[in-house]
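Working notes, structure below.
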Amino acid sequence: MKGTKETINAIKAGYSYFYCQTYEMNRTVENLFEELKTFSENSSLFNEVKVWDLSINEDPEEVINWLREPGVIVIAKNWNWFLLDDYNKPEKQNCSFLQRNSDLFTSKENRNVLIIVGDGPMEDTVPAMLKKEFQGIEFELPKEEEIREVLNFIIESVRDNPKFEEPSEEQKKQLVDAAKGMTKTEIKNAYSFSLVKTEGKLDPKIIAKLRAKEVENTAGLKIIETDQDFNTLRGYENLKKFTITTINHPLSKGILLLGPAGTGKTHFSRCLGNESGKILFELEVAELFSALVGSSEERVKKAIEIIIANAPCIVLIDELEKALAGVGGGGSNDGGTTKRALAQLLKFMSDTEKRKGVYIIATCNDISQLPPEWIRAGRWDSAPFFIDLPSSEEKADILKLYQEKYGVNSKPNMEGWTGAEIESCCRIASMMETSTKEASNFIVPVSKTMETEITNLRKWAKGRTITSSIISKTKTTNRSIEI
């Protein structure tokens, strides 16, 4: 269940034991206390809301004593520590008390509620004998309204400082957007750091950099920054039109890009981020997996929380088939951790309401390696877009642009080359101070090294995919260009 309101509804329905995992202990306890205090004051079943904190209440048995009196809601910080003994076995006295009284605490005569707030997942912290008695609570990262409250508090606290520069309304919006995905504490620290670093100015760029640093601490997730947009991209006419037309629609989900390596699938995704004005995340699925049972699911959960907090945004999953290697065939030997984590990710992708504003782009070089549930109808906004090698006209255009960029000349034989290989040739020519024709001796195009795979990929794509570019009169293949 999400947040305090759903918790109150569950309490009204008769639930007595809750576990809340949070990355912000004080903020969560404060929110719970304020809302539950108001609720108890207007309820005939509850008399008091108490908070147990080890730094104040040294005896963990005090929680048990409080629960012996009817009509009490207890919020216990990290009390899950006292549900397990030193050998990670259920602590008999506390666990037995909760188990014995679970039915009693749901009665009208003896209504009591225990809410344990901890920083670990419920799977690891609540003993198996009590799991069926506990309901999980989730608190999302601060939304725009709460971030703006923090910003206004910071502004008011420094307004009398003569060095302080009051941000405009547009700058305030930028400051709020730049802080999305951080905890309340991290947001306060980021705004304060900006004021100190600039001697009185709240700079959205500084906040964004601090956010990126915090995001990098989340396994499998990073923010991609680039100054490239569709002006640096040729071809892709169908793909550009489709994505720009649909990306802001509330029903939009995302797209799957299929094609040989080097044809610009990742580059297109990065350009779309700038073109649409949305923050771009790259999700490294392989980094989410861990040998520890439960850790992968926890990593996926945290990554999803940050993504949701930053909506509207774009999420890039590059080379999806490599990330899912072995999953489709059931070959995982990690006790099912990988499959559970991926199922969690799939569930998020299917939840239209939860992922509202999250546009997912997945790239793929070999679609035959993808499990069917990842390419079924309805998973994406359309059938896969196929991105093939550029046409001769487009290759000439790419060469001209890269020759200007690297200050080189001459025309190499570019048969079967991708845009990435053309850039590589020009870069080599610049480093060796020679012509691109000479530098081409160091290029072996992927169309040769993977000729069989590309041929098979084209056969599969025919009739099953959408062309990414407009087909010219002189060439009948799909084309795309990376510049």
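Predicted model only: the values in this text are computed from it and were never measured. The analysis underlying the following values was restricted to heavy atoms, covering all of them including side chains, and did not include hydrogens, waters or symmetry mates.
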Any chance you could measure [X], atom [atom1], to [Y], atom [atom2], to the nearest 0.5 Å?
X: T263; Y: N365; atom1: OG1; atom2: CG; result: 7.5 Å
X: D381; Y: L251; atom1: CG; atom2: CG; result: 9.0 Å
X: I317; Y: W374; atom1: CD1; atom2: CH2; result: 5.5 Å
X: Y359; Y: H249; atom1: OH; atom2: NE2; result: 12.5 Å
X: K301; Y: Q344; atom1: NZ; atom2: CD; result: 8.0 Å
X: E138; Y: Y19; atom1: CD; atom2: OH; result: 12.0 Å

Heavy-atom distance under 4.5 Å between the side chains of [X] and [Y], does that happen here?
X: D203; Y: I207; value: no
X: I8; Y: K5; value: no
X: V117; Y: N78; value: no
X: F46; Y: V72; value: no
X: L258; Y: I387; value: no
X: F82; Y: V63; value: no
X: D318; Y: E282; value: yes
X: T4; Y: I137; value: no

request  = Could you pull out the closest heavy-atom pair between S269 and L316, with the gap in Å?
outcome  = OG-CD1, 3.6 Å
Just wondering, are more than 12 heavy atoms of other shown residues or ligands nearer than 6.0 Å to [atom1] in [X]?
X: E166; atom1: CD; answer: yes
X: K172; atom1: NZ; answer: yes
X: W81; atom1: CH2; answer: no

request  = Test the K201-F164 pair against the cation-pi criterion, namely NZ or CZ under 6.0 angstrom from the six-membered ring centroid and within 45° of the ring axis.
outcome  = no
With no hydrogens and no angle check, just 3.5 Å: does a side-chain donor-acceptor pair link [X] and [Y]?
X: R379; Y: S350; value: yes
X: N217; Y: K302; value: no
X: Q21; Y: E298; value: yes

Please check if the side chain of [X] supplies one atom and the backbone of [Y] the other of a donor-acceptor pair under 3.5 Å.
X: S16; Y: V113; result: no
X: R211; Y: I223; result: no
X: N110; Y: F105; result: no

Member of D351, I307, I314, N310 meeting the side-chain contact (heavy atoms from CB on, under 4.5 Å) criterion with V358 = I307
key: Candidate list L114, T125, D53, test side-chain contact (heavy atoms from CB on, under 4.5 Å), partner W79, passing option   = L114
key: Working for ring-ring contact (aromatic ring centres under 6.0 Å, His included), residues F230 and F268   = CA-CA 8 Å; F230 283 173; F268 172 84; 5.6 Å; yes
inquiry  = Apply salt bridge (Lys or Arg N to Asp or Glu O under 4.0 Å) to residues K180 and E144 and explain how you reach the verdict.
reply    = CA-CA 7 Å; K180 288 180 178 179; E144 285 190 21; 2.8 Å; yes
Lys/Arg N to Asp/Glu carboxylate O, K184 vs E149, below 4.0 Å = no
